Amino acid sequence: MVLAMVCAPTPGTCLLKRGMTEIGAVAITASGVSRAFWMTVTSVTIWAGIFFLIGFMVSYMTVRSWADYSYVMPAGAFGYAILTLLAVLFLHENVTPKRWVGVLLICLACCWFGQTSADHRNAAMQKVRHERGTMILLQC
């Protein structure tokens, strides 16, 4: 599930970017917005991007249900590195050396946080349940 959370938004974001590039600049007029809306709704590329982003959201919510946020967020951030690489390879975007350093720092941080346990809540929740149970017994 974590792998899906990391990998799904990358093609989704790239497809949305490609779809919006195909539509072009949107004129801020009634006819321009109407034209852009219609082209967006009928674009297969944009719908494919939305499909991948829905997959990301489902996997993200699933992972959040069993892992700490301090684990999920760095794991998801690794997707930014993949996205930058795909932006260069498929969207032909220019990425400056300063941005590549930022990507490297993100990757290093993800590796560092990835070595921690995914779920610290079980022990904490058991402690809270135990304390609540003790409190209930004391109140009776």
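If you're wondering where the values come from, they're calculated on a predicted model, not measured in any experiment. Hydrogens, waters and symmetry mates are skipped; everything else that's a heavy atom, side chains included, is used.
- Annotation: the span from F52 atom CZ to M57 atom CE amounts to 16.0 Å, rounded to 0.5 Å.
- Interatomic distance, CD1 of I54 versus OG of S59, reported as 12.0 Å (0.5 Å rounding).
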Identify each donor-acceptor pair in which a side-chain atom of residues 84-100 lies under 3.5 Å from a protein atom, sequence neighbours left out, and give them as a table.
residue: T84; atom: OG1; partner: Y80; partner atom: O; Å: 2.8
residue: T96; atom: OG1; partner: R99; partner atom: N; Å: 3.4

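- Considering CZ of F56 and OG1 of T10, their distance stands at 9.5 Å, rounded to 0.5 Å.
- The shortest distance between side-chain heavy atoms of I46 and L16 falls below 4.5 Å.
- Judged by distance alone, with hydrogens and angles left aside, the side-chain atoms of T62 form a donor-acceptor pair with the main-chain N or O of V58 at under 3.5 Å.
- Under the side-chain contact (heavy atoms from CB on, under 4.5 Å) rule, C14 has a single partner from L83, T45, I82, which is L83.
- Residues W47 and T40 come closest through the heavy atom pair NE1-O, 4.2 Å.
- The heavy-atom pair separating A8 from P11 by the smallest distance is O-CD, 3.4 Å.
- Separating the CZ atom in R18 from the OG1 atom in T13 is a distance of 13.5 Å, to the nearest 0.5 Å.
- One distance of note links CH2 of W38 with CD1 of I23; it measures 12.5 Å at 0.5 Å rounding.
- In this structure the side chain of K17 reaches within 4.5 angstrom of the side chain of T21, judged on heavy atoms.
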